[in-house]
Number of protein chains: 2
Amino acid sequence: MIITETTVREQIVATADRLFYAQGYNLTGINQIVEEAGVAKASLYYHFPSKEDLCVAYLQRRAEKWSAKLQKFLTGTNDPRECIIKCFECRSEYLIENNYSGCSYIRIIAEMPQRSKKINQRAILNKEGQRRFFIEKVKELKNTSGISTVDLANIIFLLFDGSTMQSQVYRDIAPVKNAIKALKVLI
Amino acid sequence: MIITETTVREQIVATADRLFYAQGYNLTGINQIVEEAGVAKASLYYHFPSKEDLCVAYLQRRAEKWSAKLQKFLTGTNDPRECIIKCFECRSEYLIENNYSGCSYIRIIAEMPQRSKKINQRAILNKEGQRRFFIEKVKELKNTSGISTVDLANIIFLLFDGSTMQSQVYRDIAPVKNAIKALKVLI
DNA sequence: GAACAGTCAGACAAGTTTGTCCGCATTGTT
DNA sequence: AACAATGCGGACAAACTTGTCTGACTGTTC
């Protein structure tokens, strides 16, 4: 029965996603996940060899959620400058929707300095995806700032991560607004 | 015997500092701290009522270490623009010296989304100290960017946190260098 | 000389952690 | 009808968690 199969697995990842993101990876136990997901522990370990693998699935899910939201947000926008600014506005919405939980990849790396290679690699992979987005958009700009294309994209990426992080710390989207002000000077 | 008294307490905080910063707060147990510090568990709980309080002492110690390093680094520099740039260069050194462990306050907040008020408050207190430093320096600048003084300081602060964070993720100081490039456009 | 602060080693409590395993039920496929 | 895949509940293992407590030993201070 395909419906049940995906439902249980999906239910596990959805619950892990919610709990890891809200409480942090290390403070969330397997027992809490199976309990709140309403599945048996054996089912979890049937689908995921370890908590670590479940974490990788969680990171992937976060990336997909963000990516989908951004794509929807950018629909109809062609101007690259407008795209970049909208990306920050989208981030603002995302943070509010998710109770200022910040960036899942950064949080995981902050929690596990060098423990798990699998998790670390996945997080960096996702981060690089975000960076590439900015690089592509900046390439479409006519760059008048005197900074190279890649440098400019990296600076925007810096503002993106910095404002996401600070918004979590202060539980307020003011840092994202500040980042947008910086953008309007830079591009 | 005053020497012994301060030595034991200091030894505990120093060890907690090293381990919390390298491994993360939640992944570091009290047992490991007392073992590596070479003190009795009872001594730790004599000086600190709980792990949480030890964590506050750790955060304070980190702030003092950074503050001392920065002050030394800025000796002889009067130009505010130069001060701000040097602050980033100092950060670069700090990150290398500390094996790219990032910002202790941000890391703690990333680990404990809303658990401990004591820790959260201490972290935000320290962050506000950093922000005030930039505000003061920007006030001394003749601001030609068209951005308000506080906004500009907040943007610099954003670059500071963002580059610290990304340097941890990538284990490389390139993000700090990018932040300095941004600074040279902004101020 | 008595009280006291500080430190030690380590047992102990009570709970949590990840992960394994067992027996049994349900399902779709062969 | 047999079988493999998937699910369930829950016991269990082995280790780890924070924190408490006991009892003994210092050196200082009153």
Side-chain angles (χ1 to χ4, degrees), chain A residues 1-20 22-59 108 111-120 122, chain B residues 1-20 22-59 108 111-120 122:
Chain A
M1 212 217 296
I2 294 167
I3 297 168
T4 306
E5 192 217 327
T6 55
T7 289
V8 169
R9 194 187 193 280
E10 172 59 20
Q11 179 63 16
I12 292 167
V13 181
T15 307
D17 176 29
R18 179 170 58 80
L19 294 174
F20 286 160
Q23 307 176 346
Y25 175 73
N26 286 316
L27 291 176
T28 302
I30 290 288
N31 293 328
Q32 191 188 5
I33 293 170
V34 300
E35 197 177 315
E36 297 200 17
V39 302
K41 194 188 273 195
S43 302
L44 188 153
Y45 279 99
Y46 176 81
H47 290 288
F48 303 96
S50 69
K51 188 185 179 187
E52 197 180 322
D53 294 273
L54 180 55
C55 183
V56 173
Y58 148 64
L59 291 176
I108 277 293
E111 279 198 78
M112 330 245 309
Q114 57 242 36
R115 285 289 254 253
S116 160
K117 276 192 183 167
K118 266 188 218 170
I119 293 174
N120 233 294
R122 177 88 242 166
Chain B
M1 216 216 296
I2 294 167
I3 296 168
T4 307
E5 193 217 327
T6 54
T7 288
V8 168
R9 195 189 193 280
E10 173 58 20
Q11 179 63 16
I12 292 168
V13 181
T15 307
D17 176 30
R18 179 170 58 80
L19 294 174
F20 285 160
Q23 306 177 346
Y25 175 72
N26 286 315
L27 291 175
T28 303
I30 290 287
N31 293 327
Q32 191 188 3
I33 294 170
V34 299
E35 198 178 314
E36 297 200 18
V39 301
K41 195 188 273 196
S43 301
L44 189 152
Y45 280 99
Y46 175 81
H47 289 289
F48 303 96
S50 69
K51 189 185 178 186
E52 197 180 321
D53 293 273
L54 180 55
C55 184
V56 173
Y58 148 65
L59 291 176
I108 276 294
E111 278 197 80
M112 331 245 308
Q114 58 242 35
R115 285 290 256 253
S116 160
K117 276 193 183 165
K118 265 188 219 172
I119 293 174
N120 233 295
R122 177 88 243 165

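Computed from a predicted model, the values in this text were never measured in an experiment. Residue numbers begin at 1 in each chain, while the letters A, B, ... track the order of the sequences.
Using modelled atom types, one finds no donor on one side chain facing an acceptor on the other under 3.5 Å when comparing E36(B) with T15(B).
Among dA9(C), dT7(C), dG19(C), the nucleotide with an atom closest to any side-chain atom of K51(A) is dG19(C). Candidate nucleotides dC8(D), dG19(C), dT7(C) were compared by shortest atom distance to the side chain of V39(A), and dC8(D) ranks first. In this structure, the nucleotide among dT7(C), dT17(C), dG19(D) sitting nearest to the side chain of N31(A) is dT17(C). Here dC8(D) is the nucleotide among dG19(D), dC8(C), dC8(D) with the atom lying nearest to any side-chain atom of A40(A).
For the pair I30(A) CD1 and dA14(D) C1', the computed distance is 17 Å after rounding to whole Å. As rounded to whole Å, 11 Å separates atom C1' of dT17(D) from atom CG of N26(B). Look at CG on L27(B): it is 15 Å from C1' on dT18(D), rounded to the nearest Å. When the P atom of dT20(C) is taken as reference, atom NE2 of H47(A) falls 16 Å away, rounded to whole Å. Here the P atom of nucleotide dA9(C) and the CD atom of E35(B) are 11 Å apart, to the nearest Å. In this structure, the CD atom of Q11(B) is 15 Å from the C1' atom of dC8(C), given to the nearest Å. Following rounding to the nearest Å, E52(A) (CD) and dT17(C) (P) show an atom-to-atom distance of 18 Å. Atom OH in Y45(B) sits about 21 Å away from atom C1' in dA5(C), given to the nearest Å.
Mapping A42(A) and G29(A) onto DNA chain C via the closest heavy atom, the residue that lands nearer the 5' end is G29(A).
Contact of K41(A) with dG10(D) (side chain to base): no donor-acceptor pair of N or O atoms is detected under 3.5 Å.
In this structure, E111(A) CD and N26(A) CG are separated by 4.5 Å, a value rounded to the nearest 0.5 Å. Summarising the geometry, atom CD belonging to E52(A) is positioned 5.0 Å from atom CD1 belonging to I119(A); distances are rounded to the nearest 0.5 Å. Note that the CZ atom of F20(A) and the CD1 atom of I33(A) stand 4.0 Å from one another [nearest 0.5 Å].
By the 6.0 Å contact criterion, CD on Q32(B) is enclosed, its count of non-hydrogen atoms from other residues, nucleotides or ligands being greater than 12.
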